[in-house]
Amino acid sequence: MSVSKIFLVPIDFRPESEIALEYAAFIANRVGATLHLIYILEEESPLLKLVLKDDQRDMIIRGAADKLDDAAGKVLTGKNISFTTKIKQGKVYEMIIDTAVEVKADFIFMGRTDSSDMMKNFAGTNTMHIIRGADVPVITLRKKPEYFGCTHIILPLDLTKQTIRKATNAVAVARMLDARLTILSVLREDSKGKEIKYISKLDEIRTNIKSLDIDCDIKLIKNSTDAPNIILNDAIRELEGNLVMIMTQQELHITEYFVGSVAQDIINLSDFPVMSINPLVREEKGIPDPIEEVFINPIQMLDH
């Protein structure tokens, strides 16, 4: 690739963030990306600000920097990957979003713990803040995947909602990672008429994405009563996918069907790495969306 990619990897020294670093390093090695590792010292309480001396504060920062270098060395030693390390202080999610802009990151990679630990650091509320606020894709991992890869992206689509932005972003990411796509949708009703309509729409999507030189397949799941995250985990195993891609255009706490409604459950409960993209953040920040400009004509028919 002609332009080097930049991956931002927040580290909090938990096993999950080490897994995220390993995964980021694997993909960085594959696409020739540079890693930016960052550790955030959370804001000091008013009392701590009063009692903590400057030399003690400096000692804490140096200790964090040494620990960050050790974490980087543990994963990256012997790998031909460019990386930097940086310590910042402030609110975790604000510093990560700001740093992503500062270093012009293409992706953010983060580890997360189980939902029982949702109030802790990168595991819960900070993760959701970052996914809502970042204008680049955020890849989260709950556990170490069986296979480190990004060659087969599974994209769940609710075909009752707008599909242009979802499809264009999926095409752009697949092209960036040289991956193939499988479009996945779920039909809850036992309706032959709706099944024909869904298959027709999925075929349109597949045909138009293939016209852009992206390998694409489709999968329609019918009459399943399982929770969406269970459907998704099972489907990814069956399809031998290795990365889930979801769009979080709606607020993550609003209950809506499949992608919009259960984005948070998928992020928290997926057995596979999840890439979350929030295209509306770019609009809110006044950032043009070149992806849609480039790809909208070939697939504009998807929303009729």
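Worth saying up front: this structure is predicted, and the values here are computed from it rather than measured.
Note: Asp215 CG to Ile153 CD1 = 11.5 Å, rounded to the nearest 0.5 Å. For the atom pair CD1 of Ile199 and CD1 of Ile218, the computed distance is 7.0 Å after rounding to the nearest 0.5 Å. One finds the CG atom of Leu21 at 6.5 Å from the CG atom of Leu35 (value rounded to the nearest 0.5 Å). Interatomic distance, Ser200 OG to Glu195 CD, rounded to the nearest 0.5 Å: 12.0 Å. Taken to the nearest 0.5 Å, the CG atom of Leu202 stands 7.5 Å off from the CG atom of Leu157. To the nearest 0.5 Å, atoms CD1 (Ile11) and CD1 (Ile87) are separated by 10.5 Å.
Among all heavy-atom pairs drawn from Ile131 and Ser276, the shortest one is CG2-CB, 3.7 Å. Ile27 and Phe109 get closest at one heavy-atom pair: CD1-CE2, 4.0 Å. Closest approach of Val244 to Ser270, counting heavy atoms only: CG2-OG, 4.2 Å. Minimum heavy-atom separation, Ile38 to Leu8: CG2-CD1, 3.8 Å. Nearest heavy atoms, Tyr39 versus Leu68: N-CD2, 4.0 Å. Shortest non-hydrogen contact noted between Asp12 and Ser17 is OD1-OG, 3.0 Å.
By the salt bridge (Lys or Arg N to Asp or Glu O under 4.0 Å) test, Glu238 is found to be paired with Lys219, residues two or more places apart in sequence or in another chain being considered. Residues meeting the ring-ring contact (aromatic ring centres under 6.0 Å, His included) test with Tyr93, sequence neighbours left out: His129.
Val103 belongs to a hydrophobic cluster whose other members, connected by ILVMFWY side-chain contacts under 4.5 Å either directly or through intermediates, are Ile6.
Geometric assessment of Lys67 against the ring of Phe13 yields a positive cation-pi assignment under the 6.0 Å and 45° thresholds.
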Do Phe148 and Glu22 pass the side-chain contact (heavy atoms from CB on, under 4.5 Å) test, and can you show the C-alpha distance, the side-chain angles, and the key distance before you say yes or no? CA-CA 9 Å; Phe148 273 23; Glu22 288 182 44; 3.5 Å; yes
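Heavy atoms from other residues, nucleotides or ligands lying under 6.0 Å from CG of Asn80 number 12 at most.
Applying the salt bridge (charged side-chain N to carboxylate O under 4.0 Å, His left out) test to pairs two or more places apart or on separate chains, those with a residue in residues 70-84 are Glu18-Lys74. Pairs passing the ring pair (Phe, Tyr, Trp, His ring centres under 6.0 Å) check and including a residue from residues 216-247, sequence neighbours excluded, do not occur. Under the side-chain hydrogen bond (donor to acceptor under 3.5 Å, both in side chains) criterion, the residue pairs touching residues 98-111 are Lys86-Glu102, Lys88-Thr99, Lys88-Glu102, with sequence neighbours excluded.
For the side chain to side chain contact (heavy atoms under 4.5 Å, CB included) criterion with Leu181, the lone passing option out of Ile209, Ile154, Val173 is Ile209.
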